[in-house]
Amino acid sequence: MTRIVIVGAGPAGINAAETLLAHGRQPILLDEGRQAGGQGYRKPSPGLRLDMNALMGSEASKYQALHERFESLRGQIDYRPGTLVWGIDGKTLHLQQDGRATTLDYDALVIATGAMDRIAPMPGWTLPGVFGLGGAQVALKDQGCFIGRRVAFLGSSPLLALAARQYRALGAEVVVIADTTPFVRKLAALPALLNSPRTLLRGLAYLGGAMRAGVPVLHGVTPLAVAGDGHVESLLIRDAKGRERRFACDAVALGYGLKPETQLAELAGAQLAYDEAFRLWLPQADADGRAGDGLYLAGDGMTIGGADAAEASGALAAHALLADLGIPSDAAAVAALRRRASRLRAFQRGLSQAFAWPVAQIRALPDDVTLCRCEKVSLGEIRQAMAQELGPTEVNRVKAMTRCGMGRCQGRICGPALQEIVAGVGNIAGAEAGRLRMQAPIKPVALAAAKAGAS
Ligand SMILES: Cc1cc2nc3c(=O)[nH]c(=O)nc-3n(C[C@H](O)[C@H](O)[C@H](O)COP(=O)(O)OP(=O)(O)OC[C@H]3O[C@@H](n4cnc5c(N)ncnc54)[C@H](O)[C@@H]3O)c2cc1C
């Protein structure tokens, strides 16, 4: 029997598992988290009583439905929570489960590893109290904690207004929602955003709710600094009219949209290509998620599409896998899933224009700003390395010379900004700057696990 492994128990992975099971296949479902649901539909830790209806708002019914479907599945599949996949060799996965190293061979692999925050550095972003926007949501949903009592939301992402609503719903004070993309760019993205009018209206409702509650909602801001003595005390920005404004706060949630977690796809042999709209390297797959021999991709880990697209693409990847095993599936259902995934992804492309990655802002950052937190490398060190005679103009060479991206996060946080700095200093296109090549372990693992994997 073909051994099918799915990595990621978010909406994409759960839908893939459900589809496979409906066609008589029992996959192994791995997730490093203790509970299924993924990022957006993350469940609170056991024993924590959080008002998930207040937290999830209009998404509460979808949250509920996914978890109910998962509960009816879990006894019928081989679900292994708390299992990190940290490397792939051929068709063998390297795992860390409860601190123990182990391996798992597969015949077919569905990678549904989701996404993470995309961060642009700024002066003061390494102060305690600055969190990734998604991290601020994880603290709230998973542990019932605010990142602070008075929180500033800064960056450019539809999740800014959403996370601010979640914080307000549970009693935190939101001091500002400051978006770096000018309002006119949001208007220009409207045609693409009309691919999902309901989601668009929901986003507008979040912003309207914040404004009615007296929260300043600003567009086209320039971040100047997070200031404080040992911890966050204020956020300084320049608004669209050129005025400097300071917001007293004790925490900042910082985020510029999401970036797919592509590491495992790359190790499993998927090709990556530069996407000019997202300014990210994305794994290549056909419309159903086929990315290589026995390799299927789904959800935000393939391309950012949101939770509904993740559900559709998870089912599509499973149908593709079944078709490759010679198991027929419902052609009309597959066609409907393709249309749905494609429409929702077009919407996300609109979002990438309405909430733009701030290229010019990153390139204008002063030399003393830290770019790589793990290895403490400043922007000035990158610029100096590149300015040398025959200095590097490609991110992996810059990494080798400066150690930027060589630490615990393996460039998952600093990588996108490094790419923009290298492209800017080298005066080359984003694609020419290259991408940090992935290598195992893709996330920090216990030494015992890494040693066992190497032997
Ligand atoms: C931090 C964060 C918060 C978000 N909050 C919201 C929100 O509130 N509302 C909203 O609409 N959207 C939110 N989004 C976006 C939304 O989560 C996604 O669109 C949707 O969840 C994508 O589903 P997915 O199945 O592709 O991935 P995910 O839901 O991200 O699931 C991926 C799963 O893969 C697992 N995984 C990843 N790597 C490994 C590995 N190496 N080994 C084992 N397991 C692994 C993860 O633990 C996770 O459970 C958020 C995204 C992020 C990153």
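We count ligands from 1, going down the list as the structure has it; atoms in each ligand are counted the same way. Both backbone and side-chain heavy atoms feed into the values below; hydrogens, waters and symmetry mates do not. Quick caveat: nothing in here was measured; it's all calculated off a predicted structure.
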R42 side chain to Q39 side chain, donor-acceptor N/O pair below 3.5 angstrom: yes
With sequence neighbours left out, the residues meeting side chain to side chain contact (heavy atoms under 4.5 Å, CB included) with A152 are V175, V176, L235, C249, V252
With no hydrogens and no angle check, just 3.5 Å: does a side-chain donor-acceptor pair link E266 and W281? no
Enumerate the residue pairs fulfilling ring-ring contact (aromatic ring centres under 6.0 Å, His included) with a member in residues 100-135, sequence neighbours excluded, ordered by first and then second residue. none
By side-chain hydrogen bond (donor to acceptor under 3.5 Å, both in side chains) - contacts of D250 (at least two apart): none
Between ligand 1 and the protein, give all atom pairs where both partners are nitrogen or oxygen and the distance is under 3.5 Å, as lines of names plus distance to 0.1 Å.
unit_1   : atom_1 : unit_2 : atom_2 : d
ligand 1 : 5 (N)  : Q137   : OE1    : 3.1
ligand 1 : 5 (N)  : Q137   : NE2    : 3.4
ligand 1 : 8 (O)  : Q137   : NE2    : 2.8
ligand 1 : 8 (O)  : K141   : NZ     : 2.9
ligand 1 : 8 (O)  : Q166   : NE2    : 3.4
ligand 1 : 17 (O) : G40    : N      : 2.8
ligand 1 : 19 (O) : D300   : OD2    : 2.7
ligand 1 : 19 (O) : A307   : N      : 3.2
ligand 1 : 25 (O) : P11    : N      : 3.2
ligand 1 : 25 (O) : A12    : N      : 2.9
ligand 1 : 26 (O) : D300   : N      : 2.8
ligand 1 : 29 (O) : Q39    : N      : 3.0
ligand 1 : 41 (N) : V85    : O      : 2.9
ligand 1 : 42 (N) : V85    : N      : 3.0
ligand 1 : 44 (N) : E32    : N      : 3.0
ligand 1 : 47 (O) : D31    : OD1    : 2.7
ligand 1 : 49 (O) : D31    : OD1    : 3.3
ligand 1 : 49 (O) : D31    : OD2    : 2.6

For T103 and T92: C-alpha separation, side-chain torsions, deciding distance, then whether side chain to side chain donor-acceptor pair (under 3.5 Å) applies. CA-CA 7 Å; T103 58; T92 301; over 6 Å; no
